[in-house]
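Single-structure report; data block below.
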Amino acid sequence: MAHRILSGRLLLVAAFGLILVLLPHSIALKEGDCEVCIKTVDTFSGTLSDEVKKEPKRIEDEFRTFCKNVKKESKEQRFCYYLGGVEDSATGILGELSKPLSWSMPADKICEKLKKKDAQICDLRYDKQIDVNAVDLKKLKVRDLKKILSDWDEECDGCLEKTDFIKRIEELKHKYVKTEL
């Protein structure tokens, strides 16, 4: 009986240890994650003087000013909205940006912390320009196929399957893509 209890406890300790080992890896950013966040935090941080970088409250004020000068309808503007840097923001987590910046924390680590607070911050991605000649359309996601058509101001009426989108792109390709001889 005591042997079973001991082995059960050892199993529990081992499982807990495994969770502790794997937990940081599941939270850590992967390659390409939070690209808008990292770039925006780096850009913003570069605008701050050494004097301002030491005071979280001043960093927040400067971030609001920075956000006013960001191009409307851009990914950076959306990032500002998520953090509370624009007037119509529903929430505000600027402290999660300003405090780590005042500690000279790198942008990727700041974005990692922000992701824990609001995952949609890291869902922001820059639109990729897809070279239709160089890419295998079958390997693209439907979202990317739709983007190609959208960039061409074309529709795909009745398209339900991925193959339908690929067929439509192939039909229109000669119109929009220059082929070299």
Side-chain angles (χ1 to χ4, degrees), residues 12-132 134-137 139-153:
L12 185 62
V13 168
F16 186 70
L18 183 62
I19 290 170
L20 287 178
V21 167
L22 294 177
L23 188 62
H25 298 292
S26 64
I27 295 171
L29 297 180
K30 295 175 191 80
E31 183 71 33
D33 271 0
C34 293
E35 62 183 342
V36 173
C37 177
I38 292 169
K39 183 174 184 276
T40 306
V41 170
D42 272 339
T43 303
F44 169 66
S45 178
T47 67
L48 299 175
S49 68
D50 290 338
E51 202 174 289
V52 172
K53 282 185 181 179
K54 296 175 184 170
E55 298 179 45
K57 182 68 180 135
R58 287 183 66 190
I59 292 172
E60 290 177 21
D61 294 340
E62 290 293 322
F63 187 73
R64 287 187 189 96
T65 304
F66 173 83
C67 289
K68 286 180 186 175
N69 297 320
V70 169
K71 191 169 72 172
K72 300 289 183 217
E73 304 301 319
S74 67
K75 302 293 181 178
E76 292 83 1
Q77 182 71 27
R78 196 64 163 153
F79 177 74
C80 286
Y81 174 80
Y82 290 155
L83 288 188
V86 291
E87 289 181 23
D88 63 340
S89 294
T91 61
I93 55 171
L94 278 179
E96 301 298 322
L97 169 73
S98 63
K99 288 176 187 164
L101 265 178
S102 70
W103 306 328
S104 301
M105 185 180 283
D108 61 330
K109 295 297 179 189
I110 293 172
C111 292
E112 207 172 284
K113 289 173 71 65
L114 289 170
K115 182 180 182 179
K116 291 177 194 173
K117 293 288 181 185
D118 187 353
Q120 64 186 343
I121 288 171
C122 284
D123 289 341
L124 288 171
R125 300 194 189 293
Y126 291 111
D127 295 332
K128 297 178 205 161
Q129 293 302 321
I130 301 169
D131 183 1
V132 179
V135 74
D136 182 0
L137 296 174
K139 292 184 178 179
L140 293 179
K141 295 181 179 182
V142 172
R143 171 184 61 201
D144 296 326
L145 298 171
K146 287 180 179 180
K147 182 177 179 342
I148 291 170
L149 291 170
S150 173
D151 289 348
W152 291 346
D153 289 326

Item to check | Where Y82 and I121 come nearest, the two heavy atoms and their spacing | outcome: CB-CG1, 3.9 Å
Item to check | Interatomic distance, C34 atom SG to K39 atom NZ [nearest 0.5 angstrom] | outcome: 15.0 Å
Checklist entry - Measuring from I130:CD1 to D144:CG, what's the distance to the nearest 0.5 Å? => result 4.5 Å
Checklist entry - Can any side-chain N or O of S102 pair as donor or acceptor with the backbone N or O of K53 at less than 3.5 Å? => result no
Checklist entry - Crowded around K99 NZ? As in, over 12 foreign heavy atoms under 6.0 Å? => result no
Checklist entry - Is a salt bridge present between E112 and K115, judged by a nitrogen-to-oxygen distance below 4.0 Å? => result no
Next on the checklist: Testing the basics here: between L97 and F63, what is the closest heavy-atom pair and its distance to 0.1 Å?
Outcome noted: CD2-CD1, 3.6 Å
Checklist entry - How long is the span from the CD atom in Q77 to the OG1 atom in T40, to the nearest 0.5 Å? => result 10.5 Å
Next on the checklist: Under 4.0 Å between a side-chain nitrogen and a carboxylate oxygen: does that hold for K54 and D50?
Outcome noted: no
Checklist entry - Below 2.5 Å, is that where the SG pair of C37 and C111 sits? => result yes
Checklist entry - Looking at E96 and K116, does any basic side-chain N land under 4.0 Å from a carboxylate oxygen? => result no
Next on the checklist: Looking at every non-hydrogen atom in both residues, tell me the closest pair between F44 and L101 and how far apart they are.
Outcome noted: CE2-CD1, 3.6 Å
Item to check | Contact summary for L48 and E62, nearest pair of heavy atoms | outcome: CD2-CB, 3.7 Å
Next on the checklist: So, taking the atom named CG in D123 and the one named CG in D33, what distance separates them when rounded to the nearest 0.5 Å?
Outcome noted: 9.0 Å
Item to check | Stepwise side chain to side chain contact (heavy atoms under 4.5 Å, CB included) check, E35 with K75 | outcome: CA-CA 10 Å; E35 62 183 342; K75 302 293 181 178; over 6 Å; no
Checklist entry - Mind checking what makes side chain to side chain contact (heavy atoms under 4.5 Å, CB included) contact with R64, not counting sequence neighbours? => result K57, E60, D61, L94
Item to check | Residues that V132 engages under side chain to side chain contact (heavy atoms under 4.5 Å, CB included), provided they are two or more places apart | outcome: L137, I148, W152, I169, K173, V177
Next on the checklist: Taking the two cysteines C67 and C80, do their sulfur (SG) atoms come closer than 2.5 angstrom to each other?
Outcome noted: yes
Checklist entry - Is a donor on one side and an acceptor on the other found under 3.5 Å between the side chain of N69 and the backbone of T65? => result yes
Checklist entry - How close do Y81 and S89 get, heavy atom to heavy atom, and via which atoms? => result O-OG, 3.0 Å
Checklist entry - Has K147 got more than 12 heavy atoms of other residues, nucleotides or ligands less than 6.0 Å from its NZ? => result yes
